[in-house]
Amino acid sequence: MDLNVVERYLPSVLPESSLKFFAATTVSLFFCAIYRIAMISSQFFSVPIRKAFIIVVGNFLLCSLLGTSCLQVYVAALFPYILLRLSPPDQAHIYVLTFSFGWQIYRQWDYVILSDGATNKFHDSSYVMMLTVRVSYITLGLRDQLRKVKGEHLTVLQQANILSECPSFVDYLTYICFFPAILISPLISYVDVMSFVNQSQSEFLSKPSPNFYTVKKVGYVFLIAMFHIFLLKQYDNVNLMSAEFINSHAWFRRFFYAWMCGYKLKAEYYVAMTCGEITCLVSGIGYSGRDKKTGRPMFDVVTDFRPFTCETATSPKVAIDAWHASILRWYRYICYERAPYSPTLLTFFLSAMWHGCYIGYYIVFAHVGLIVFAARRMRKFLRPQVIAAGVYAKFFYDILTWACTSISINPLGPIFESLTWEFCRVYCTTTLYPLTLLLLFLTIVPISTGKTEKSV
């Protein structure tokens, strides 16, 4: 099956890349249902057969979407395993991560410079990015096992992802080609994937069914998609660099337009990423235990986005924690908990580098770093006084902090989506600069903030 032909049969209400993505997601859902119903729930299929099914389907989806470009993905997948096998155990993580990030940067450079980045949404660089995450879970899991033997302190997250030995080639391919999460997030660790694949029929059937949560997420996708189509589709980033638009609209109207463009971008991410969560839930993966207070089953392993929490957040940290939880968990695992100094700054730098060679990403993450730092300072200064003032002051304080969080983060959306320096230059100098100056002022101005707190 060639997913490039979907535009012949579907109406042109969506871009070709979106049609191909949803066609691939539909095919993936079909295979996920087969895996859950026939492979795990039945006693007739052994673990090796499950692994073979995952590898074949994962390769089929990649080849259907990327064509010959999937060879670039195979290089990103196979060379790290060769390095894992041939390198000294205490140095393997250095060689593997250096190659993975280097190859990823090369493919992203190809996407930006050598190919048509404005229209070629299914470039192999997106999948190489996800492979970098998966490879790092394996090589750092092996590295942490050596640290444990030496008696070094390990965090809870590091202990949870320890690997006692290098995976076999079949297990490695099973993780790399895990098709429920191969098209898009969530980014699941090696330990979680292999515990899911290797579980027995009785273990799987003893866990709560994810059907209710799957239907709920389908409802989220439908509501957000309708919100996007009927309210947000009219907002286009291109207008923000149009001389006619800039000259005919006051700054406040341009800023409001950029704010709504941010909502549009987030709605697109919510729909795409929630589709990824749905495919995982349909396959059966995701259960993480029961809530200690309510006793309800949780599926945090594949819960990546919490749209309501993100849009009602009263602080940038809450909004960030509700946005792309699986990648935040990886940032914490690979960088924040290992950084010798300035973990927050280094984590934002890693995030910008991992996302790619786009000037917009570096501008966005620099602003997010300023937002987090400024909000932390203001919160420590204002919140004790607000709490002492009573319930009504706390209520108005929550409304104010929600508005400030939304106003500071949403206008960064147009830059995040941009691929050109020209757009960033025009947008920053005509629309975004007051926000930038305000953040710099709140970061520099002397404020008595008390103790600092390590938080990301």
Q) Is there a donor-acceptor pair under 3.5 Å between the side chain of Thr274 and the backbone N or O of Val271? A) no
Q: Verify whether one side chain among Asn239 and Tyr257 offers a donor that lies under 3.5 Å from an acceptor in the other.
A: yes
**Q.** Spacing of Cys424 atom SG and Ile363 atom CD1 [to the nearest 0.5 Å]
**A.** 4.0 Å
Q) Would you say the side chain of Ile188 lies within less than 4.5 Å of the side chain of Ser326, judging by non-hydrogen atoms? A) no
Q) Would a distance-only check, ignoring hydrogens and angles, find a side-chain to backbone donor-acceptor pair under 3.5 Å from Ser351 to Thr347? A) no
Q: Go through the side-chain N and O atoms of Tyr263 and Glu268 and say whether any donor and acceptor fall under 3.5 Å apart.
A: no
Q) Under the ring pair (Phe, Tyr, Trp, His ring centres under 6.0 Å) test, which residues partner Phe79, sequence neighbours left out? A) Phe99
Q. To the nearest 0.5 Å, how far apart are CD1 in Ile278 and OG in Ser283?
A. 12.0 Å
(Q) Between Arg329 and Asp300, does any side-chain N to carboxylate O distance fall below 4.0 Å? (A) no
Q: Check whether any side-chain N or O of Lys264 sits under 3.5 Å from a backbone N or O of Leu232 as a donor-acceptor pair, and report yes or no.
A: no
**Q.** Backbone N/O of Leu231 and side chain of Gln234: donor-acceptor pair under 3.5 Å
**A.** yes
Q.
Run the side-chain contact (heavy atoms from CB on, under 4.5 Å) test on Phe196 and Tyr287 for me, step by step, so that the C-alpha distance in whole Å, both residues' side-chain angles and the decisive distance to 0.1 Å come before the verdict.
A. CA-CA 10 Å; Phe196 169 69; Tyr287 180 68; over 6 Å; no
Q) Under 3.5 Å, is there a donor-acceptor pair between the side chain of Thr26 and the main chain of Phe22? A) yes
Q. Under a 4.5 Å cut-off applied to non-hydrogen side-chain atoms, are Phe212 and Pro297 in contact?
A. no
(Q) Using every non-hydrogen atom in the two residues, find where Met378 and Leu442 come nearest and quote the distance to one decimal. (A) SD-CD2, 4.0 Å
(Q) If you compare all heavy atoms of Pro316 against all heavy atoms of Ile371, which two are closest, and at what distance to 0.1 Å? (A) CG-CG2, 3.4 Å
Q: Step through it carefully: locate the ring centre of Trp109, locate the ring centre of Tyr106, and say whether they are under 6.0 Å apart.
A: no
Q: Indicate whether the side chain of Asn410 and that of Lys266 have a donor and an acceptor atom separated by less than 3.5 Å.
A: yes
(Q) Within this structure, what is the CG-OH distance for the pair Leu346 and Tyr331, rounded to the nearest 0.5 Å? (A) 13.5 Å
Q) Rounded to the nearest 0.5 Å, how far apart are CZ of Arg107 and CD of Gln72? A) 3.5 Å
(Q) Check the orientation of Phe179 and Tyr35. Use parallel for under 30°, tilted for 30 to 60°, and perpendicular for over 60°. (A) perpendicular
Q. Is the closest side-chain donor-acceptor distance between Tyr74 and Asn59 under 3.5 Å?
A. yes
Q.
Could you walk me through whether Val372 and Lys317 satisfy the side-chain contact (heavy atoms from CB on, under 4.5 Å) test, starting with their C-alpha distance in whole Å, then the side-chain angles of each, then the deciding distance to 0.1 Å, before giving a yes or no?
A. CA-CA 7 Å; Val372 171; Lys317 183 183 183 305; 5.7 Å; no
Q.
When you measure from the side chain of Ser342 to the backbone of Leu345, do you find a donor-acceptor pair of N or O atoms at a distance under 3.5 Å?
A. no
Q. How far does CE of Met130 sit from CD1 of Ile184, to the nearest 0.5 angstrom?
A. 7.5 Å
Q. So, His324 versus Phe305, ring centres under 6.0 angstrom or not?
A. yes
Q. If you take all heavy atoms of Ile176 and Ala77, which pair is closest and at what distance?
A. CG2-CB, 3.9 Å
(Q) Does Glu422, at its CD atom, have more than 12 non-hydrogen atoms belonging to other residues, nucleotides or ligands within less than 6.0 Å? (A) yes
Q.
Whether the side chain of Thr139 engages the backbone of Val135 through a donor-acceptor N/O pair (distance < 3.5 Å, no angle test) should be reported.
A. no
Q.
Could you check, using the six-membered ring where one of them is a Trp, whether Tyr213 and Phe299 have ring centers closer than 6.0 angstrom?
A. yes
Q: Check whether any side-chain heavy atom of Pro307 sits under 4.5 Å from a side-chain heavy atom of Ile224, and report yes or no.
A: yes
Q) Does the side chain of Thr132 come under 3.5 Å of the side chain of Trp354 through a donor N or O and an acceptor N or O? A) no
(Q) I'd like to know whether Thr344 forms a side-chain contact (heavy atoms from CB on, under 4.5 Å) with Tyr336, so could you lay out the CA-CA distance, the side-chain angles of the two residues, the decisive distance to 0.1 Å, and finally the verdict. (A) CA-CA 7 Å; Thr344 301; Tyr336 189 81; 3.7 Å; yes
Q: State, to 0.1 Å, how close Leu240 and Val426 come at their nearest heavy-atom pair, and which atoms those are.
A: O-CG1, 4.1 Å
Q: Using salt bridge (Lys or Arg N to Asp or Glu O under 4.0 Å) as the criterion, point out the one residue from Arg306, Lys216, Lys217 that pairs with Glu277.
A: Lys217
Q: Apply the test side-chain contact (heavy atoms from CB on, under 4.5 Å) to residues Val368 and Ile409: give CA-CA distance (whole Å), side-chain angles for both, the deciding distance (0.1 Å), then the verdict.
A: CA-CA 7 Å; Val368 171; Ile409 292 179; 5.9 Å; no
**Q.** Short N-O contact, Arg338 and Asp144, less than 4.0 angstrom
**A.** yes
**Q.** Within-4.5 Å side-chain heavy-atom neighbours: Ser100 and Ser136
**A.** no
Q.
I'd like to check Cys335 versus Trp330 (side-chain heavy atoms, cut-off strictly below 4.5 Å). Are they in contact?
A. no
(Q) I need the minimum non-hydrogen distance between Asp398 and Thr314, along with the two atoms involved. (A) O-CG2, 3.7 Å
Q.
Can a donor-acceptor pair be found, under 3.5 Å and without considering hydrogens, that links the side chain of Asp291 to the backbone of Arg296?
A. no
Q) Quick one: does Tyr190's side chain get under 4.5 Å of Arg134's, heavy atoms only? A) no
Q: Step through it carefully: locate the ring centre of His355, locate the ring centre of Tyr362, and say whether they are under 6.0 Å apart.
A: no
Q: Only counting residues at least two apart or in another chain, list the ones meeting ring pair (Phe, Tyr, Trp, His ring centres under 6.0 Å) with His93.
A: none
**Q.** Test item: Gln159 side-chain N/O and Leu154 main-chain N/O as donor-acceptor pair under 3.5 Å
**A.** yes
(Q) Would you say the ring centers of Trp251 and Phe255 fall short of 6.0 Å from each other? (A) yes
Q: Not counting sequence neighbours, which residues clear ring pair (Phe, Tyr, Trp, His ring centres under 6.0 Å) with Tyr172? List them please.
A: Tyr81
Q: State yes or no: are the ring centers of Tyr397 and Trp402 separated by less than 6.0 Å?
A: no
Q) How about Tyr137 and Tyr333: are their ring centroids closer than 6.0 Å? A) yes
Q) Between Arg254 (side chain) and Ile246 (backbone), is there a donor-acceptor pair under 3.5 Å? A) yes
Q. Of all heavy-atom pairs between Ile138 and Tyr175, which one has the smallest distance, and what is that distance?
A. CD1-CD2, 3.7 Å
**Q.** Euclidean distance, Leu83 CG relative to Leu97 CG, rounded to 0.5 Å
**A.** 10.5 Å
Q.
Less than 3.5 Å apart, any donor N or O on the side chain of Asp192 or Ser189 sitting next to an acceptor on the other?
A. yes
Q. Is there side-chain contact between Met241 and Arg425, with at least one heavy-atom pair below 4.5 Å?
A. no
